Amino acid sequence: MTRSPAGSLRASDIGTTVTVSGWVQRRRDHGGIAFIDVRDASGVIQVVADPAEHESVADLKMEYCISVTGVIRARPEGTENPDLPTGGVEIGVGEIAVLSPADTLPFMIDDRVDIDERARLRYRYLDLRRPRMGANLRARSRATAAIRRTLDEQGFLEVETPTLVNSTPEGARDMLVPSRLRKGEFYALPQSPQLFKQLLMVAGVERYFQIARCYRDEDFRADRQLEFTQLDLEGSFWDRDDVLETIEGVLVAVTKELRGIDVTRPFPRLTWQESMDRFGTDKPDLRFGSEIVDLSELFGESGFGVFSDTLAAGGTIRGINVGQQDWPRSRADSLTERAKELGAKGLVWMVVEDDGSLRSPVAKFLVDAELAGIRDGLDAKPGDVLLMAADRWKLAVEVLGTLRNDLLRPSAHEDLAFLWVIDFPLFEEQEDGTITFSHHPFTSPVSLDEMRDNPTRAISKAYDAVLNGVELGSGSVRIHDPDVQRQVFDILGIDPETADRRFGWFLEALRYGTPPHAGFAFGIDRLVMVLQGETSIREVIPFPKTQSGVDPMTAAPTWVDETQLEELGIDLTEEAMSRRELPDED
RNA sequence: GGGGGCGUAGAACAGCCUGGAGUGUUCGCCGGCCUGUCAAGCCGGAGGUCGCGGGUUCAAAUCCCGUCGCUCCCGCCA
């Protein structure tokens, strides 16, 4: 007899004999009657047995893998379960077979319990049996299917690029793989297929995409793992808007697939400058207001030294109204600490009293006109909490932008707010005065003259996609002229010899009739995370690593045999060897 | 590299501030009862190196120091 998916059974199946195979989710044994919830990948069905007839029912434990054959029947009136898609019917047992028993579980297969993450990862195969995790796995599969469907319809070619590539020390730290055939040399795992996809444009592919695993050896966050998956995409003869339209189409299709809703297009666009000014970040969360306001002009002549000195030094004074907040002293203190952690010298806070006056430790330093200006500028109403930062522009807006998120950002992702951030700076000036790229060194400037004359103010043809304050990914129009590419390397302080050694092969390729091209890459983990309402990408990655880069199940990374190291020509340092002697402790 | 939170039975927690016998709750597990439950219910039982190491003390889950692990954040992440 063929097997029926448990979750598919409905009233229309009443009277038919079916076989369902799956796992015992729950057993409710009433003595004279026993209910067994059988779960498979499709859902759950209730099985009803008389323990007197089916003695083996008493032996069924949670997560036993079983097979049940019986007749579908309507549940007696009043016992239907409206919470279950199959809740109108049940299987009256004919036969039960245990396919595979299960040991007592290390934790319950239940969405309602938060289990220690180490235990979940140690038994990830059990963790993935939880409905929520199963739903996340399926969502991810449907997301990639929707991506392929959308791009295939537009004539894109899916091309696989190598995952053993040369190391590029710029940007993130590379994951390295030693070469056996060439002792002492290393491959790197790709941080992105960037240069290969540009070569595919040189190769005449015109429309390329790949669902590519990428690797960056940097510290973890809730939205960062060593390895992650990107939709990587590139098109020839494209300008920015061709990319934005294509990516929007993909994001809309995936959202439709996972959420069943039609996102309004086109997505809003903010310039980087506007995004920083209004939200203090290049990945603003547009689900809520409380924008940052420039209050500098109120304080040009201020008697409050912190403000007037900041302005005299070329800084700025920005404010934000974070609305109604519980505001005990401890909250103010911890927020001030947070602002300092972010680099601010301090944080000014004010609470609007019922009579409209402002209660604040600094109120006594401000004159009435200044206080009134703050109230007006921040549209203050009684009970509102106002925050102000006085600092150089970027720091001031970033601090307020972070506090805005800390205080107001919804924890779940029920609403969706997509947007584009465009017109990023081409370069960034670092604290030591050197110039680095802000996107990557293959990004086209808007103006060559501006790039040469005033590099730190030059605008690039780079853009980011943002969803609910999460940076999904970024892209740019690329440089297709080898001379321009050399100029960019020059500005970045990469001398011609170094440029040739590292990128000569690429610069050479650009000389053979390279089409203008542009592209994008977005993180599939992050997109699925938000659409599934999760706040960590580990929930949508089947087998993630812990924050220290360990897989508690397989114990990777592990020590390898001396002979393996010898073959690779690798000696461990004393420091590494001493770690080897330490016992692993929890 | 730095800061915060957490670590107590198989799981989730309370207990810690203010030291006094491993005390408690829910779930799971074992045994028993139970014919319409769906996180079934009722009765009984087992189960503990309070992460690890050191210190203070007559006495440490509790206070102090160190360390390991998990996690969030800063740095970092083109």
Side-chain angles (χ1 to χ4, degrees), chain A residues 25-38 44-52 58 61-63 75-84 86-87 90 103-123 126-127 168-174 191-192 194-195 214-226 228 334 337-343 398-399 402 405-406 424 426-428 431 436-443 460 462 464 471 474-476 488 492 521 523 535-536 538 545-548 550 552 579 582-586:
Chain A
Q25 180 156 292
R26 287 278 177 180
R27 184 175 58 110
R28 295 177 295 279
D29 190 343
H30 290 229
I33 187 169
F35 304 93
I36 301 138
D37 293 339
V38 178
V44 177
I45 183 74
Q46 173 166 282
V47 170
V48 186
D50 180 347
K61 309 282 167 56
M62 278 199 287
E63 297 304 316
R75 292 195 184 193
E77 203 175 334
T79 67
E80 301 89 350
N81 184 350
D83 297 330
L84 220 54
T86 62
E90 61 191 19
D103 287 352
T104 299
L105 302 167
F107 51 79
M108 295 258 282
I109 310 298
D110 193 325
D111 282 339
R112 287 162 298 208
V113 186
D114 275 329
I115 299 132
D116 178 65
E117 201 145 335
R118 190 182 159 81
R120 289 178 60 194
L121 295 183
R122 169 76 181 79
Y123 300 96
L126 297 178
D127 192 42
T168 52
E170 296 80 12
R173 200 175 286 118
D174 281 325
Q191 298 186 26
S192 90
Q194 182 61 33
L195 294 182
C214 302
Y215 304 83
R216 290 174 196 174
D217 190 5
E218 296 293 345
D219 286 355
F220 288 61
R221 285 286 190 286
D223 61 354
R224 281 166 24 192
Q225 284 266 309
L226 291 181
F228 56 99
S334 70
E337 274 309 303
R338 173 75 165 153
K340 285 180 177 169
E341 179 186 65
L342 297 166
E398 282 180 342
V399 166
T402 301
N405 277 338
D406 287 354
F424 273 75
L426 185 59
F427 301 116
E428 280 171 24
E431 284 185 15
T436 185
F437 41 82
S438 64
H439 178 48
H440 61 50
F442 314 103
T443 304
S460 75
D464 274 10
E471 181 191 330
S474 54
S476 60
V488 168
L492 291 170
T535 51
S536 163
R538 294 188 301 274
K545 309 231 177 340
T546 69
Q547 203 167 47
S548 54
V550 168
R579 270 198 68 244
L582 295 174
D584 282 332
E585 286 183 70
D586 290 358

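We name chains A, B, ... by the order of the sequence lines, and we start the count at 1 in each one. What you are looking at is a predicted structure, and each value in this text was computed from that prediction instead of being measured.
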Exercise for review: Between B/rC73, B/rU71, B/rU35, spot the one nearest the side chain of A/A222, thanks.
Suggested key: B/rC73

Exercise for review: Measure the distance from CZ on A/F228 to C1' on B/rC77 and round it to the nearest whole Å.
Suggested key: 9 Å

Review point. To the nearest Å, how far apart are A/L126 CG and B/rG10 P?
Key: 17 Å

Check your understanding: Closest to the A/I115 side chain: B/rC76, B/rU35, B/rA12?
Key -> B/rA12

Review point. What is the pairing partner of B/rA61, taking Watson-Crick or G-U wobble pairs with both distances under 3.5 Å in any strand?
Key: none

Check your understanding: Can you list the residues that meet the side-chain contact (heavy atoms from CB on, under 4.5 Å) rule with A/D127, with sequence neighbours excluded?
Key -> A/F107, A/R120, A/R124, A/R130, A/M133

Point to revise | By salt bridge (Lys or Arg N to Asp or Glu O under 4.0 Å) - contacts of A/E337 (at least two apart) | key: none

Point to revise | Position toward the 5' end of RNA chain B (nearest nucleotide), A/H440 or A/D83 | key: A/D83

Interface polar pairs with nucleotides 26-28 of chain B, N/O, under 3.5 angstrom:
none

Point to revise | Side chains of A/E63 and A/I109 in contact at under 4.5 Å (non-hydrogen atoms) | key: yes

All N/O contacts under 3.5 Å from nucleotides 4-6 of chain B to the protein, with atom names and distances to one decimal?
none

Check your understanding: To the nearest Å, how far apart are A/K61 NZ and B/rG31 C1'?
Key -> 12 Å

Practice item. Searching all strands shown, indicate the nucleotide that pairs with B/rC16 (Watson-Crick or G-U wobble; both distances under 3.5 Å). Key: none

Exercise for review: Give A/T436 one of three labels, base, sugar-phosphate or nothing, depending on what nucleic acid heavy atoms sit under 4.0 Å from its own.
Suggested key: nothing

Review point. Is there a donor on the side chain of A/D219 or the base of B/rG75 sitting less than 3.5 Å from an acceptor on the other?
Key: yes

Review point. Touch check for A/T546, heavy atoms < 4.0 angstrom, all strands: base, sugar-phosphate only, or nothing?
Key: sugar-phosphate

Check your understanding: Of the nucleotides B/rU37, B/rU71, B/rC77, which one has an atom closest to the side chain of A/R216?
Key -> B/rC77

Exercise for review: Look at all strands and tell whether A/R75 reaches a base, only sugar-phosphate, or nothing, counting heavy atoms closer than 4.0 Å.
Suggested key: base

Check your understanding: Across the strands shown, which category fits A/R538 at heavy-atom distances under 4.0 angstrom: base, sugar-phosphate, nothing?
Key -> sugar-phosphate

Review point. Of the candidate nucleotides B/rU37, B/rC74, B/rC77, which contains the atom at the shortest distance from the side chain of A/A172?
Key: B/rC77

**Study point:** A/R120 CZ - B/rG69 C1' separation (whole Å)
**Key:** 17 Å

Practice item. In sequence, state the C-alpha distance, the side-chain angles, and the governing distance for A/D223 and A/E471, and then conclude on side chain to side chain contact (heavy atoms under 4.5 Å, CB included). Key: CA-CA 10 Å; A/D223 61 354; A/E471 181 191 330; over 6 Å; no

Revision key, fill the gap. Note: A/R118 and A/P552 closest approach over all heavy atoms is O-CB, 4.0 Å

Check your understanding: Does A/R224 make a side-chain donor-acceptor contact with the base of B/rC77, cut-off 3.5 Å?
Key -> yes

Check your understanding: A/I109 has an atom CD1; how far is it from atom C1' of B/rC38, in whole Å?
Key -> 18 Å

**Study point:** Touch class at under 4.0 angstrom, heavy-atom based, for A/P76 against every strand present
**Key:** base

Practice item. Would you mind classifying the nucleic acid contact of A/E337 as base, sugar-phosphate or nothing, using non-hydrogen atoms under 4.0 angstrom? Key: nothing

Check your understanding: Between A/R224 and A/D219, is a salt bridge (charged side-chain N to carboxylate O under 4.0 Å, His left out) present by the stated rule, with each step listed?
Key -> CA-CA 8 Å; A/R224 281 166 24 192; A/D219 286 355; over 6 Å; no

Review point. Can you check the A/D114 CG to B/rC13 P distance for me, whole Å?
Key: 7 Å

Check your understanding: Contact class for A/N81 (heavy atom, under 4.0 Å): base, sugar-phosphate, or nothing?
Key -> base

Review point. With a non-hydrogen cut-off below 4.0 angstrom, is A/T443 in contact with a base, only sugar-phosphate, or nothing?
Key: nothing

Check your understanding: Can you tell me how far C1' of B/rC70 sits from CZ of A/F220, to the nearest Å?
Key -> 13 Å

Practice item. With sequence neighbours left out, write down each residue that passes side chain to side chain donor-acceptor pair (under 3.5 Å) with A/D174, or none if nothing qualifies. Key: A/S167, A/Q191

Practice item. Select base, sugar-phosphate, or nothing to describe what A/E90 touches, counting heavy atoms under 4.0 Å on all strands. Key: base

Practice item. Output all residues satisfying side chain to side chain donor-acceptor pair (under 3.5 Å) with A/D110, sequence neighbours left out; order by chain, then residue number. Key: A/R112

Which protein N or O atoms sit under 3.5 Å from an N or O of nucleotides 42-46 of chain B?
none

Review point. Excluding sequence neighbours, so at least two apart, what forms ring pair (Phe, Tyr, Trp, His ring centres under 6.0 Å) with A/F35?
Key: A/H30

Study note, to complete from the structure: To the nearest 0.5 Å, atom CG of A/D406 lies from atom CG of A/L342 at 7.5 Å

**Study point:** Side-chain heavy-atom pair A/V488, A/F442 within 4.5 angstrom cut-off
**Key:** no

**Study point:** All side-chain contact (heavy atoms from CB on, under 4.5 Å) counterparts of A/E117, not counting sequence neighbours
**Key:** A/L121, A/R538

Review point. Looking for any heavy atom pair under 4.0 Å, which part of the strands does A/Q225 touch: base, sugar-phosphate only, or nothing?
Key: nothing

Point to revise | B/rG32 versus B/rU25 - spacing of their P atoms, nearest Å | key: 24 Å

Study note, to complete from the structure: If pairing means Watson-Crick or G-U wobble with both distances under 3.5 Å, then the partner of B/rC42 is B/rG32

Between the protein and nucleotides 32-34 of chain B, list every N/O to N/O distance that falls short of 3.5 Å.
{"residue": "B/rC34", "atom": "N1", "partner": "A/H30", "partner atom": "O", "Å": "3.4"}
{"residue": "B/rC34", "atom": "O2", "partner": "A/H30", "partner atom": "O", "Å": "3.4"}
{"residue": "B/rC34", "atom": "N3", "partner": "A/D29", "partner atom": "O", "Å": "3.2"}
{"residue": "B/rC34", "atom": "N3", "partner": "A/G31", "partner atom": "N", "Å": "3.2"}

Review point. Start at the 5' end of RNA chain B and walk down; is the nucleotide closest to A/R27 or to A/S548 reached first?
Key: A/R27

Check your understanding: Taking the side chain of A/R221 as heavy atoms from C-beta outward, which of B/rC70, B/rA40, B/rG75 is closest to it?
Key -> B/rG75

Point to revise | Contacts of type salt bridge (Lys or Arg N to Asp or Glu O under 4.0 Å), residue A/R173, not counting sequence neighbours | key: A/E218

Point to revise | Under 3.5 Å: donor-acceptor pair, side chain of A/E341, backbone of A/A339 | key: no

Exercise for review: Could you tell me whether the side chain of A/S438 and the main chain of A/E428 form a donor-acceptor pair under 3.5 Å?
Suggested key: no

Point to revise | Spacing of A/D223 atom CG relative to B/rU71 atom C1', expressed in whole Å | key: 14 Å

Exercise for review: Could you measure between the two P atoms, the one in B/rA60 and the one in B/rG19, and give it in whole Å?
Suggested key: 13 Å

Practice item. For B/rA40, take OP1 and OP2 only and decide whether either is under 4.0 Å from a side-chain N or O of A/R28. Key: yes

Review point. Okay, side chain of A/R75, backbone of A/G87: is any donor-acceptor separation there less than 3.5 Å?
Key: yes

Study note, to complete from the structure: B/rC76 -> Watson-Crick or G-U wobble partner, both distances under 3.5 Å, gives none

Check your understanding: Is A/K340 near enough to B/rC74 that one of its side-chain N or O atoms lies under 4.0 angstrom from OP1 or OP2?
Key -> no

Point to revise | salt bridge (Lys or Arg N to Asp or Glu O under 4.0 Å) involving A/R27 - partner list, sequence neighbours excluded | key: A/D29

